[in-house]
Amino acid sequence: MKRSHTCGALRAGDAGKEIQLAGWVAGRRDHGGVIFIDLRDREGMTQVVFNPALQPQVAEVAHTLRSEFVVAVTGKVALRPEGTKNPSLGTGEIEVGATGLTILNPSETPPFPLDEEGVNEDLRLRYRYLDLRRPAMAEALRARHRAALAIRRCLDQQGFLEIETPILFKSTPEGAREYLVPSRLNPGKFYALPQSPQQFKQLLMVAGAEKYFQIARCFRDEDLRADRQPEFTQIDVEMSFITREDIYAVIERLVKTVWHEVRGVEIRTPFPRVTFAEAMNTFGTDKPDRRYGLTLTDFTETFRNSSFKVFQTAVAAGGVVKAFNAKGLAEITTGQIEELTNLAKAHGAKGLAWIKVEGGEWKSPIVKFFSEAEKKALTERLAAAEGDLILFGADAWTAACEVLGLVRIRCAEYLEKLGKLKRDPAHLDFHWVVDFPLLRKDPEHPNLVASHHPFTAPVEEDLPLLDREPAKVRGQHYDLVLNGVELGGGSIRIHRSEVQDQLFRKILKLPGEVVTSRFGYMVEALKFGAPPHGGIALGFDRLMALLLGHESIRDVIAFPKNARGQDVMSGAPAEATARQLKEVHVKPETGPGA
RNA sequence: GGAGCUGUAGCUCAACUGGUUAGAGCACCGCCCUGUCACGGCGGGGGUUGCGGGUUCGAGCCCCGUCAGCUCCGCCA
């Protein structure tokens with residue numbers, strides 16, 4: 001069976017041609033006599049006309065067509081009669097007068113309409129092969145392909161080699177939980193699926209690859225979100241003999257190319273740089289959405305000697321007091337206030353202090369504790385006016401910032417629903433967040449832990465601090481952020497084995513045997529002339545979602561898992577047979593508490 | 001691990017304060033219809049209101065439990 005054209009190809013100039021089309025029946029309009037069929041394939045839609053006066057036996061078959069039947073049509077292209085053209089269709093000037101019709105395969109009635117949005121996602125996932133027929137989904141797959149091509153071409157032009165790294169890897173229990181794969185040939189031993197190709201790409205630099213990239217599948221056995229899947233795709237990049245600026249330049253060019261080639265949108269480069277401290281102080285997060293205000297202001301000094309004990313004690317304990325003005329949100333509901341409070345509490349705050357500016361007065365459970373000077377400072381520095389809502393955080397610096405950061409985002413959602421704030425998806429605020437602390441305290445750890453990963457190099461001028469005040473050392477790490485979403489991150493790596501070794505043993509205080517067994521080959525590799533190097537990884541799924549304006553990365557992945565990590569179409573994950581388990585030397589748990 | 005939202009026909013939704021036989025549009029089936037493109041007309045079939053229990057004269061609606069989906073917090077070096 002041959003097609004002469006696709007269903008999106010025919011134009012007025014093709015009138016008179018004898019053609020063959022094949023595709024799916026997207027709709028039928030059966031007038032009893034004449035029958036119209038919208039024939040859809042990957043490329044578009046063409047109207048086919050069956051006229052019983054001209055081809056009675058063909059029209060007879062056409063009466064039996066139903067949605068999603070697969071058919072082949074032969075016929076003649078004709079200009080549509082004046083007044084019946086369809087301007088909303090690329091092929092709307094013409095139609096195909098059918099002279100032949102073959103039903104290649106009938107179809108059951110689809111479980112959901114393919115021409116409507118808003119269908120239950122669970123159902124769409126169960127019948128993903130039907131869902132992907134919908135033009136919006138087909139377009140997402142096509143755009144993803146084009147983006148991948150653009151990425152490969154762009155990086156190739158800059159001298160990068162695409163190199164594959166193993167999927168069966170060794171477990172490195174730092175970081176995200178891993179998927180384990182039992183080894184049949186090595187009883188009792190396991191591979192792990194890589195959470196990223198991190199170590200391999202550094203080893204490729206030691207190997208002299210100089211410029212590596214990979215569109216790499218990564219695996220993390222963590223709880224899912226709208227923007228997190230158990231397997232996802234990274235654009236993974238690593239380079240030798242470079243500084244941070246070189247990475248910025250490569251990635252800015254890459255991002256610019258992708259947006260240009262897939263969306264025809266021009267992006268301004270270079271991207272602005274924001275320090276971690278600035279981002280936290282101003283937006284309460286290390287991945288700020290800077291398209292709107294509601295920025296945080298520090299009132300630590302204002303409340304240092306306040307008679308409001310909550311604030312005063314927080315400051316006395318070395319913490320801070322921060323606040324922001326949710327402009328125009330005084331009409332917030334009691335339920336929403338409660339939501340915000342729960343959000344703050346869930347994040348470790350004891351509560352959430354607020355002030356409504358309404359009817360010319362401050363309505364708040366706490367305002368009676370405030371002095372005139374404190375009120376004046378708030379009014380002036382927050383530009384508080386009628387109809388505003390002021391929200392406070394008082395805690396250790398990180399906690400206060402983070403709580404208000406979450407509250408700020410939620411307030412923006414409320415304000416957007418009220419039509420008072422707009423987060424325009426066409427406004428693309430790319431920026432780099434830089435100067436992260438190299439190390440941070442972790443409540444579950446006695447020692448400092450790496451803020452990102454333990455291969456990140458310290459900022460050169462902070463090196464002397466590493467022994468004395470390690471918490472103050474900045475890492476040569478950078479995140480690429482777009483509209484409140486972390487698109488990716490990377491760093492300049494440690495390339496000297498003694499520095500890496502010292503970091504593992506003296507700073508992170510990992511036991512010697514752990515360093516040897518887990519990272520021994522890395523430390524060893526650095527001893528054999530490892531070049532200075534660094535890299536980055538971008539979340540390809542997130543990038544595609546932002547590129548196409550989808551809320552969830554599931555909409556840019558052909559066969560995603562649901563929020564429980566299940567494939568509801570195939571039923572994965574599924575139980576293994578006793579024989580399978582025995583072969584891989586895995587004993588199942590039996591009974592409760594086993 | 002925790003919280004919130006949702007669950008009614010194949011799909012999207014409705015059903016007042018707890019009150020008759022749970023409705024509508026689309027889809028589906030049948031008949032009619034020769035220029036539609038959300039074709040139209042007439043008729044029809046289709047329901048364990050997620051599941052289990054409770055309160056009540058009476059539960060889609062209230063209560064308890066449970067399951068499922070989604071979202072968020074934790075988690076994601």
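So that the names make sense, note that chain A is the first sequence line, chain B the second, and so on, each numbered from 1.
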Would you classify [X] as touching base, sugar-phosphate or nothing, given that sugar-phosphate means primed atoms plus P, OP1 and OP2, and contacts are heavy atoms under 4.0 Å?
X: A:Pro454; result: base
X: A:Thr109; result: sugar-phosphate
X: A:Arg554; result: sugar-phosphate
X: A:Arg440; result: sugar-phosphate
X: A:Gln566; result: sugar-phosphate
X: A:Thr456; result: nothing
X: A:Asp221; result: nothing
X: A:Pro81; result: base
X: A:Leu123; result: sugar-phosphate
X: A:Asp115; result: nothing

Go ahead and name the base partner of [N]; Watson-Crick or wobble counts if both distances stay under 3.5 Å, otherwise write none.
N: B:A38; result: none
N: B:C5; result: B:G69
N: B:G60; result: none
N: B:A24; result: B:U12
N: B:G46; result: none

With no hydrogens and no angle check, just 3.5 Å: does a side-chain donor-acceptor pair link [X] and [Y]?
X: A:Gln214; Y: A:Thr165; value: yes
X: A:Tyr521; Y: A:Gln199; value: yes
X: A:Arg493; Y: A:His453; value: yes

Can you see if the side chain of [X] gets near the phosphate of [N] - specifically, an N or O under 4.0 Å from OP1 or OP2?
X: A:Arg410; N: B:C72; answer: no
X: A:Asn86; N: B:C37; answer: no
X: A:Arg220; N: B:C75; answer: no
X: A:Arg225; N: B:C73; answer: yes
X: A:Arg542; N: B:C76; answer: no
X: A:Arg29; N: B:U36; answer: no
X: A:His31; N: B:G40; answer: no

Are the side chain of A:Thr233 and the backbone N or O of A:Phe540 linked by a donor-acceptor pair below 3.5 Å?
->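 Answer holds: no.
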With rounding to the closest Å, how many angstrom separate the [atom1] atoms on [N] and [M]?
N: B:G60; M: B:G69; atom1: P; result: 26 Å
N: B:C73; M: B:C62; atom1: C1'; result: 30 Å
N: B:A22; M: B:A14; atom1: C1'; result: 10 Å
N: B:G50; M: B:A68; atom1: C1'; result: 7 Å
N: B:G30; M: B:G4; atom1: C1'; result: 47 Å

Is A:Phe36 stacked on the base of B:U36 when the test is centres under 5.5 angstrom and planes under 30 degrees?
-> yes
Quick one: which of [options] gets closest to the side chain of [X]?
X: A:Phe112; options: B:C75, B:G69, B:C11; value: B:C11
X: A:Leu343; options: B:C70, B:C73, B:C76; value: B:C73
X: A:Asn562; options: B:U12, B:C29, B:G69; value: B:G69

Over 60° means perpendicular and under 30° means parallel, so classify the ring planes of A:Phe200 and A:Phe169, tilted if in between.
->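 Rings of A:Phe169 and A:Phe200: tilted, 30 to 60°.
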Give me the ring orientation class for A:Phe504 and A:Phe519: parallel if the planes are under 30° apart, tilted from 30 to 60°, perpendicular past 60°.
-> parallel
With distance as the sole criterion, do the side chain of [X] and the base of [N] form a donor-acceptor contact below 3.5 Å?
X: A:Glu116; N: B:U12; result: no
X: A:Asn342; N: B:G4; result: no
X: A:Glu339; N: B:G4; result: no

With nearest nucleotides of RNA chain B determined for A:Ser552 and A:Ala176 from heavy-atom distances, which residue corresponds to the more 5′ nucleotide?
-> A:Ser552
Nearest-nucleotide check on RNA chain B, A:Val119 vs A:Gly32; residue mapping nearer the 5' end is A:Val119
Determine, stepwise, if the pair A:Arg244 / A:Ile247 fulfils side-chain contact (heavy atoms from CB on, under 4.5 Å).
-> CA-CA 5 Å; A:Arg244 285 180 276 183; A:Ile247 298 283; 5.8 Å; no
Quick one: A:Arg228 CZ to B:C72 C1', roughly how many Å, whole number?
->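 Spelled out: CZ on A:Arg228 to C1' on B:C72 is 11 Å.
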Rounded to the nearest Å, what distance is computed from the CG atom of residue A:Asp122 to the P atom of nucleotide B:C11?
-> 11 Å
Given side chains that start at C-beta, do those of A:Thr91 and A:Gln47 come closer than 4.5 Å, heavy atoms only?
->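 No, too far: nothing below the 4.5 Å cut-off.
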